Amino acid sequence: AGAQIFAEGGLDYLGNPNLVHAQSIVAILTFQVILMGASEAYRVNGGPLAKPEGSDAIYPGGALDPLGLAKNEAKFSELKVKEIKNGRLAMFSMLGFY
């Protein structure tokens, strides 16, 4: 899909040119940054769920923990580091596709 944005006709989401017709990567990136920035600002400032006591505002971890992984503080800290490293590796590996 990334290469189709740069093609002559652009990219039609769901095959419908009336829905979203993406021809400019700058416009796509601008809207992506605005929408993600707004949702992250909403989350950090409380969002639909108030920030749990003693939790980090940058890393959620407290509001949604159905498996109970945050009960052991040492294990939870290790899992946070693993998650960040996994995300960085995934972002770096995406460079190989583009």
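By convention here, the first residue in the shown sequence is residue 1. Everything numeric here is computed off the predicted structure, so don't read it as measured data.
Other members of the hydrophobic cluster containing F92, listed by chain and number, are L95; membership follows side-chain contacts under 4.5 Å among ILVMFWY residues, whether direct or relayed.
For K82, the salt bridge (Lys or Arg N to Asp or Glu O under 4.0 Å) criterion is met by E78, not counting sequence neighbours. Every residue two or more places apart in sequence or in another chain that forms a side-chain contact (heavy atoms from CB on, under 4.5 Å) with M91 is listed here: R88.
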Solution key, residues 68-76 side-chain donor-acceptor pairs under 3.5 Å, sequence neighbours excluded:
{"from": "N72", "atom 1": "OD1", "to": "A74", "atom 2": "N", "distance (Å)": "3.3"}

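From S93, atom OG reaches atom CG of N86 across 9.0 Å, with rounding to the nearest 0.5 Å.
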